[in-house]
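Small disclaimer: the values here were computed from a predicted structure and weren't measured.
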Amino acid sequence: MKNLREESNLKQVELAQIFTDREFNISSAAISQYESNKRVPDNTVLAMYADYFNVSIDYILGRTNLRNFQETTIAAHRTDGYDDLPPEAMEELERFKEFLRHKYKK
């Protein structure tokens with residue numbers, strides 16, 4: 001939490017004022033205690049930090065080095081260019097792919 005604040009060149013009192021302006025009443029003393037591990041922030045405080053600094057809560061907790069997670073979209077349709085093949089050809093193609101996987105698995 002301290003690193004995030006320092007990266008933004010903010011003093012504890014400045015960050016406390018920013019949070020107060022956003023209707024979260026957190027004192028600079030509380031911020032100091034969070035940063036020195038003398039006090040554990042609750043979920044609301046963690047979410048507030050995450051939102052303000054645009055990072056994930058897992059990043060704040062040290063569970064990941066990724067600052068934030070990006071959403072991933074997975075296509076639910078086939079894009080392999082073989083959609084025009086009949087089902088038996090698709091089955092043969094799948095068997096051939098399995099053969100190649102086994103052959104080159106070494």
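To the nearest 0.5 Å, atom OH of residue Tyr49 and atom CD1 of residue Ile60 are 8.5 Å apart. Taking CD of Glu6 as the reference point, atom CG of Leu15 lies at 11.5 Å (rounded to 0.5 Å). Here the OG-NZ distance, from Ser32 to Lys38, works out to 6.5 Å after rounding to the nearest 0.5 Å.
Pairing each heavy atom of Ala16 with each of Ser28, the nearest pair is CB-N, 3.6 Å. Nearest heavy atoms, Glu14 versus Asn9: OE1-O, 3.9 Å. Of all heavy-atom pairs between Met1 and Pro41, the closest is SD-CG, 4.0 Å.
Under a cut-off of 6.0 angstrom, the local environment of CG in Asp42 is crowded, with over 12 non-hydrogen atoms contributed by other residues, nucleotides or ligands. At most 12 heavy atoms of other shown residues, nucleotides or ligands fall within 6.0 angstrom of atom CG in Asn43. More than 12 heavy atoms of other shown residues, nucleotides or ligands fall within 6.0 angstrom of atom CD in Gln17.
In this structure, Arg5 contributes its side chain and Leu10 its backbone to a donor-acceptor pair below 3.5 Å. Remark: side-chain polar atoms of Glu94 are not paired, donor with acceptor, to backbone N or O of Glu91 under 3.5 angstrom.
Note on Val13 and Tyr52: separate hydrophobic clusters, where clusters join Ile, Leu, Val, Met, Phe, Trp and Tyr whose side-chain heavy atoms are under 4.5 Å apart, directly or indirectly. Cluster annotation: Phe24 is connected to Ile18 through the hydrophobic network of ILVMFWY side chains, with a link wherever side-chain heavy atoms come within less than 4.5 Å.
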(request) Kindly determine whether Ile26 and Thr20 satisfy side chain to side chain contact (heavy atoms under 4.5 Å, CB included), including the steps that lead there. (result) CA-CA 6 Å; Ile26 296 180; Thr20 299; 5.9 Å; no
(request) Would you sort out whether Ile31 and Lys2 count as a side chain to side chain contact (heavy atoms under 4.5 Å, CB included), showing the intermediate values? (result) CA-CA 9 Å; Ile31 291 172; Lys2 181 177 181 178; over 6 Å; no
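When side chains are defined from C-beta on, Ser56 does not count as touching Leu66, because their heavy atoms never get closer than 4.5 Å.
In summary, Arg67 and Glu7 engage in a salt bridge, as defined by a charged side-chain N under 4.0 Å from a carboxylate O.
Here Tyr59 and Phe53 keep their ring centres 6.0 angstrom or further from each other.
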